[in-house]
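One-based numbering, in listed order, for ligands and for the atoms of each. Just so it is clear, the model here is predicted, and its values are computed rather than measured.
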Amino acid sequence: MTPADLAFDRQHIWHPYTSMSEPLPCYPVVAARDTRLQLADGRELVDGMSSWWAAIHGYNHPRLNAAMHNQIAAMSHVMFGGITHPAAVALCRQLVAMTPAPLECVFLADSGSVAVEVAMKMALQYWQARGERRQRFLTLRRGYHGDTFAAMSVCDPQNSMHSLYEGYLPTHLFAREPQCAFGDAWHDEDINDFAALLEQHGSAVAAVILEPIVQGAGGMRFYHPRYLQRVRELCDQHGVLLIADEIATGFGRTGRLFACEHAAVVPDLICVGKALTGGTMTLSATLTTRAVADTISNGAAGCFMHGPTFMANPLACAVASESLAMLQENQWQQQVSAIETQLRQALLPLADHPAVVDARVLGAIGVIETHQPVDIAAIQAFFVERGVWIRPFGRLIYLMPPYIISREALTALTAAIAAALDRPQLFQKM
Ligand SMILES: *Cc1c(COP(=O)(O)O)cnc(C)c1O
């Protein structure tokens, strides 16, 4: 990429959550292979992010590439209205088989946020079909469910999205975020706030929506499985649907295929995305039960009112199907548990570092929470200089590497984090 390309980028292209007038620096990546990103100047970076939870098998994988090539040769896309195709059927078969038995009706959508919109619309249509006016959602503080409007309305209310869009977003119900961490002792008071909200508003609540066990972008928090079990019990008592947003946690990241399995809880709807296509293309899915699907279908509308142009895009379905097959064959449990062991050894001792509030690891996720927020431009430059790609936010420096990462590459990532903690200039002054 030429300097002119980079200047054009700065001048004309939005990046995620970035100012157009004072953009943060961007690093030009021209290729990626296995667990390495290649910069335009030839330098290689070990990837600690899996491109936001997605690239679980690493980059440029020959099997994923072959799946896409084969599908391109047949057809890249065809509308899904009135048409079906082998790639969609194969993928949905796998999704139905992998998820708990009652989840058997699959809606394929374009992105994680849209999968959340779909789940919330399904919950609303479900109650409408039952003749009950239930239009509120109950969720947890510190949650993250995406950037579209309905998804935004159930994200943590403290962050700026709610104040920015106040008056426009529907006001939902927010329970205090779980305090009992994964692996700590359980105290039943932890569920009190959630239980009280459901007690008070239960008959107006269409569904509870939450990220099971791991709250991702809202703080990288790992909470007690008993909390999720109590949520399921309370939803059943109040006849409220439970939507599990497994977009970040799905497909093995937390050490279980789905994070709900840590609590042996089965939701009424589940959203998956991110790792679904092995990090190659955008695709998501919302699965629900026969009972929910039938109720919606027998309602006044007679159908579920959603159908994106690129629904079930064959190219995305084909590569997702191959990625799920690889996940099973690669023995992801061993991969994830080896990463977990190494992350524990390397990161947990950093909890004693004076710059650190907490160090935590679950599955192939490692988190260092610091006292001071990072100076993103400075710390990013430091990491790139050390040959690693780690993108912290706020007071969180975290890793979620591809499952295929080698011991040495993972050591490069954890060593870079340890080194960063010793440099106060990489953090904002409070
Ligand atoms: C990333 C994410 C989303 C949104 O997915 P997009 O593909 O970015 O729209 C929703 N929920 C959770 C838990 C996520 O991590």
Which heavy atom of Trp53 sits nearest a heavy atom of Ala248, and at what distance?
->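 Residues Trp53 and Ala248, closest heavy atoms: CE3-O, 3.5 Å.
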
Under 3.5 Å between any N/O of [X] and any N/O of ligand 1: does that happen in this structure?
{"X": "Ser113", "value": "yes"}
{"X": "Glu211", "value": "no"}
{"X": "Val114", "value": "no"}

Could you find the nearest protein heavy atom to [atom] and give me its residue, atom name and distance?
{"atom": "atom 12 (C) of ligand 1", "result": "Asp245 OD2, 3.4 Å"}
{"atom": "atom 5 (O) of ligand 1", "result": "Gly112 CA, 3.2 Å"}
{"atom": "atom 2 (C) of ligand 1", "result": "Lys274 NZ, 2.5 Å"}

Heavy atom under 4.0 Å from ligand 1: found in Tyr144's side chain, backbone, both, or neither?
->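 It is both backbone and side chain that touch ligand 1.
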
Does a donor on one side chain and an acceptor on the other come within less than 3.5 Å for Arg391 and Gln380?
->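 Indeed, the side chains of Arg391 and Gln380 share at least one donor-acceptor pair under 3.5 Å.
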
Polar contact flag, side-chain donor to acceptor under 3.5 angstrom, Tyr59-Asp47 |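 Judged by distance alone, the side chains do pair up.
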
For the residue pair Phe304 and His306, categorise the inter-ring angle as parallel (less than 30°), tilted (30 to 60°) or perpendicular (more than 60°).
->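 Taking His306 first and then Phe304, their aromatic rings lie parallel (interplane angle under 30°).
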
Any idea how His262 and Phe182 line up, ring-wise: parallel (<30°), tilted (30 to 60°), or perpendicular (>60°)?
->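 Ring orientation of His262 relative to Phe182: perpendicular.
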
I'd like to check which ligand 1 atoms, numbered from 1 as shown, lie under 4.0 Å from a non-hydrogen atom of [X].
{"X": "Ser111", "value": "7 (O), 9 (O)"}
{"X": "Ile247", "value": "2 (C), 3 (C), 10 (C), 11 (N), 12 (C), 14 (C)"}
{"X": "His145", "value": "10 (C), 11 (N)"}
{"X": "Gly146", "value": "4 (C), 10 (C)"}

Checking ring-ring contact (aromatic ring centres under 6.0 Å, His included) against Tyr398, which of Trp52, Phe222, Phe393 comes through?
->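 Looking at Trp52, Phe222, Phe393, the match for Tyr398 under the ring-ring contact (aromatic ring centres under 6.0 Å, His included) is Phe393.
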
Under 3.5 Å: donor-acceptor pair, side chain of His85, backbone of Ala88 =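 Answer holds: yes.
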
Does Tyr17 OH have over 12 foreign heavy atoms under 6.0 Å away?
->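 Above 12, so yes.
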
